[in-house]
Amino acid sequence: MTIPDEVQARAARLRDLLNYHSYRYYVLDAPEISDAEYDALFNELKRLEEQYPELRTPDSPTQRVGGAVLDRFEKVPHPEPMLSLGNAFNVEELYAWRERFLRLLPEELTADLAYVVEPKIDGLTVVLHYHDGVFTVGATRGDGYVGEDITVNLRTVRDLPLRIPVAPGQRPPGGPEGLPLVTVARPPRRLVVRGEAYMTLADFQRFQAEQEAAGGKVYANPRNTAAGALRNLDSSVAASRPLHLWAYSVVVVEDSEFTPTSQWEALAFLHALGFPVTPQSRRFTDFAAVVRFVEAWADQRHSLPYETDGLVIKLDDFALQQRLGYVGKDPRWAVAYKYPSEEAITRLLEIRVNVGRTGTINPYAVLEPVSVGGVTVQHATLHNLDYIRDNDIRVGDMVAVKRAGEVIPQVLRPLVELRTGQEQVWEMPSRCPVCGEPVVQPEGEVAFYCTNSACPAQLVRGVEHFVSRGAMDIEGFGIRQAELFVEKGYIKDLADIYYLPWDEILQLEGYGEKRVANLRAAIEAAKSRPLARVLTALGIRGVGGTVAEALADHFGSVWRLMEATPEEITAIPGIGPKLASSIRNWFSHPQNRRVIEKLAAAGVRLAEEPPAEAAGPQPLAGQTWVITGTLPTLSREAATALIKAHGGKVTGSVSAKTSYLLAGEKPGSKLDAARKLGVPVVDEATLLRMIGREGSSS
Ligand code: IVH
């Protein structure tokens with residue numbers, strides 16, 4: 001099929017725009033357009049590619065959503081060996097590393113040495129190949145000489161540039177302090193970059209919670225979760241996990257406008273091309289300053305949103321690096337500085353289970369108390385039976401325990417060499433420890449469940465979840481209150497939290513006037529939590545914070561979600577058929593619908609927009625607005641918020657349904673579209689008049 005020139009040009013323009021805007025969003029964290037506008041551009045490109053499949057180029061942002069399923073990964077030889085690093089565990093070893101290479105350099109070259117210090121990211125090495133600026137092949141490290149071709153999975157990594165430079169000729173903002181200025185208008189003919197793919201701690205925690213809720217596989221840490229995604233033959237797995245990239249080495253560069261001669265220049269070059277570069281990296285010309293940085297980092301590293309296992313210290317100058325070369329597999333010119341681990345070894349005394357809010361039977365370890373990173377730990381999660389079996393954890397084992405950030409302590413592995421032969425393999429109990437009903441493992445699931453939907457443990461857990469921080473966040477209400485109120489029969493379903501018999505509670509020990517007044521006020525205050533919080537609080541299997549946000553955004557109210565078809569639900573990116581059926585299933589139970597009705601009757605907010613009486617006048621009700629160009633005073637976000645607050649809707653593209661086009665300077669194609677369709681065009685001042693904010697400067 002021949003593709004008309006203008007269609008080809010439009011597709012190329014859309015690819016460039018989308019690549020640029022996803023870089024603004026994911027790498028710089030500074031979007032220029034709204035999500036709706038991005039989606040409109042994305043859908044336009046998707047439609048063109050459906051019509052003309054030849055338009056589907058490797059750098060097309062539509063390829064980020066995954067979908068390809070491979071039989072196996074092809075092998076990719078690395079252009080240079082991907083070697084590892086020697087370690088230093090304390091400052092003395094760091095000085096010793098320096099002494100070793102200083103001895104090999106002639107006096108005159110050691111006068112003004114410079115060092116680059118970078119966070120050592122705990123992820124997976126990836127090797128990225130670009131030809132004429134297009135990302136063509138991405139590989140794992142493999143054995144250091146040959147890796148595996150995981151290109152389809154890497155395309156789903158949102159901050160990995162599919163085409164470079166992403167902002168030709170511009171110096172991107174951000175990046176490490178003091179990085180030299182490099183501007184690149186044209187991509188090198190060939191470029192190979194080494195970096196680390198990783199998952200943030202927050203994303204890992206969300207992922208873990210949702211997996212546990214959905215009865216899926218859980219991983220011990222963000223690194224394994226990222227590895228599981230990148231090594232999966234089904235690329236939709238990678239697409240469903242939020243992975244990120246930090247680039248740190250230029251492995252090959254050919255026919256380039258700029259060729260770095262030092263590590264610091266290499267970082268500047270990568271940054272200029274649009275690769276994410278760790279902003280914490282620093283260059284020092286004084287080794288004492290390197291040591292001070294390394295010492296300060298011991299605390300600082302915990303404030304990063306992702307896991308690091310130390311710092312990498314590199315001699316800056318490439319000529320010196322070349323001269324020094326390697327000892328075995330380790331470069332002489334670089335070293336990894338590792339901090340003492342937040343792991344501890346202790347004895348696993350017993351494995352117990354608790355019942356989760358969806359009825360999952362969750363095994364946990366009772367440990368001989370041990371201090372991990374300054375906190376005494378006695379209990380640690382074991383996730384599920386598969387985890388215990390995969391890691392061969394037995395009762396009586398000496399085990400490694402870890403605490404990372406906010407994550408609940410977990411048992412990592414047994415120390416098999418310390419076994420006495422007395423250790424016991426653990427079995428899942430066949431009956432629920434709380435209600436005594438049978439425990440089952442549904443086909444295809446990792447989790448075991450208590451089959452009794454009236455199991456009091458589930459209700460207590462459900463209430464505990466409902467009132468928790470990430471859900472309705474009711475202060476003064478925790479597991480104690482949940483247990484007490486369920487036991488007393490005050491709470492028979494989640495909505496009963498809003499119908500508590502306060503007179504009776506006032507009679508209970510420890511529940512004086514003041515405490516009860518505070519608790520009542522906290523419950524009252526939680527009625528106006530955003531919709532996403534309510535959806536999280538309901539405890540629908542698989543619906544954690546991230547999914548709840550997406551559902552709230554898409555449907556806008558519980559009522560609309562309740563009536564949604566599975567197709568409507570799976571239309572949301574990241575929500576698959578399993579999750580959709582779990583949601584449908586929840587709302588299909590009459591007792592759950594009853595909970596929703598009771599919540600509504602109690603005045604709990606069940607729609608995105610605040611109730612009408614809480615909002616101001618709504619002069620733009622029923623109107624659909626589109627914004628284009630630069631407005632004189634309002635940012636696009638502020639204009640959008642104003643229109644929404646006064647009852648209007650904001651969309652990304654002009655159509656016959658558009659009520660008004662709000663146009664600023666340099667309006668572009670939307671203005672033409674509006675004129676063609678006869679859509680009225682107004683300026684910022686007119687908008688402000690329409691909402692009664694004339695002459696106001698607020
Ligand atoms: S430089 C020969 N820089 O650490 C140069 N590596 O133990 C070696 N890593 O396999 C790589 N962050 O996966 C370098 N800023 C960084 C790094 C880094 C993480 C990993 C990398 C490597 C391992 C070496």
Side-chain angles (χ1 to χ4, degrees), residues 78-89 93-94 97 100-101 115-128 138-148 150 154 157 159-160 175-176 179 192-200 221-224 226-227 230-231 243-252 260 262-271 275-284 290 293-294 297 300-301 304-318 320-339 341:
H78 297 311
E80 251 186 52
M82 292 297 131
L83 300 175
S84 58
L85 292 170
N87 295 319
F89 292 98
E93 290 180 12
L94 197 56
W97 164 71
R100 281 198 299 277
F101 73 71
Y115 302 86
V116 172
V117 184
E118 301 166 11
K120 186 170 185 306
I121 306 111
D122 196 11
L124 270 99
T125 291
V126 291
V127 185
L128 313 169
T140 61
R141 177 166 179 266
D143 62 2
Y145 300 93
V146 178
E148 285 185 319
I150 54 163
L154 284 171
V157 176
D159 46 14
L160 180 151
L179 208 61
V192 181
V193 170
R194 178 173 178 174
E196 204 82 355
Y198 69 97
M199 187 183 241
T200 65
N221 53 48
R223 185 181 186 284
N224 293 0
L230 289 177
R231 299 223 189 88
L243 302 182
H244 295 271
L245 172 77
W246 290 124
Y248 55 72
S249 294
V250 174
V251 181
V252 176
S262 69
Q263 175 61 13
W264 197 231
E265 282 183 11
L267 294 182
F269 183 47
L270 290 169
H271 181 64
F275 287 92
V277 173
T278 48
Q280 294 81 11
S281 297
R282 291 286 176 277
R283 181 176 185 271
F284 297 101
V290 171
F293 187 82
V294 164
W297 188 256
Q300 249 189 59
R301 69 196 185 106
L304 293 180
Y306 50 89
E307 285 198 327
T308 58
D309 51 354
L311 288 169
V312 184
I313 299 126
K314 303 174 181 177
L315 205 52
D316 190 27
D317 185 41
F318 281 169
L320 284 181
Q321 290 188 3
Q322 191 99 49
R323 202 183 164 110
L324 285 168
Y326 293 80
V327 249
K329 287 199 169 196
D330 300 336
R332 286 198 182 85
W333 47 267
V335 70
Y337 190 93
K338 299 259 184 86
Y339 295 87
S341 87

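Ligands are counted one by one from 1 in listed order, and the atoms in each one are counted from 1 as well. Quick note: residue numbers are just sequence positions, from 1.
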[atom]: the protein heavy-atom neighbour that sits closest, reported with distance to 0.1 Å:
atom: atom 17 (C) of ligand 1; result: Tyr248 CE2, 3.5 Å
atom: atom 15 (N) of ligand 1; result: Glu118 OE1, 2.8 Å
atom: atom 23 (C) of ligand 1; result: Lys120 NZ, 3.7 Å

Specify side chain, backbone, both or neither for Ile121, according to which of its non-hydrogen atoms lie closer than 4.0 Å to ligand 1.
both
Got an N/O contact under 3.5 Å between Lys314 and ligand 1?
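Among all N and O atoms of Lys314, at least one is under 3.5 Å from an N or O of ligand 1.
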I need the atoms of ligand 1 closer than 4.0 Å to a non-hydrogen atom of Leu83, numbered in the order shown.
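Within the 4.0 Å cut-off of Leu83, ligand 1 contributes 8 (C).
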Please confirm whether Pro331 comes under 4.0 Å of ligand 1, counting heavy atoms of the residue only.
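Pro331: in contact with ligand 1 (<4.0 Å).
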In this structure, does ligand 1 have an atom that sits under 4.0 Å from one of the heavy atoms of Pro119?
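Yes, that is the case, since the closest heavy atom of the residue is under 4.0 Å from the ligand.
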Closest to atom 10 (O) of ligand 1 by heavy-atom distance, out of Glu196, Glu80, Arg194, Met82, is Arg194
Is a donor from one side chain sitting under 3.5 angstrom from an acceptor on the other, for Glu196 and Tyr248?
yes
Can a side-chain donor-acceptor contact be found between Gln300 and Gln280 if the only test is distance below 3.5 angstrom?
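No, no side-chain donor-acceptor pair sits under 3.5 Å.
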Return yes when atom CZ of Arg194 has more than 12 non-hydrogen atoms of other residues, nucleotides or ligands closer than 6.0 Å, and no otherwise.
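For Arg194, atom CZ is crowded (more than 12 foreign heavy atoms under 6.0 Å).
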Decide if the gap between the ring center of Trp246 and the ring center of Tyr306 is smaller than 6.0 angstrom.
yes
Do the charged groups of Glu307 and Arg223 touch, with an N to O distance under 4.0 Å?
no
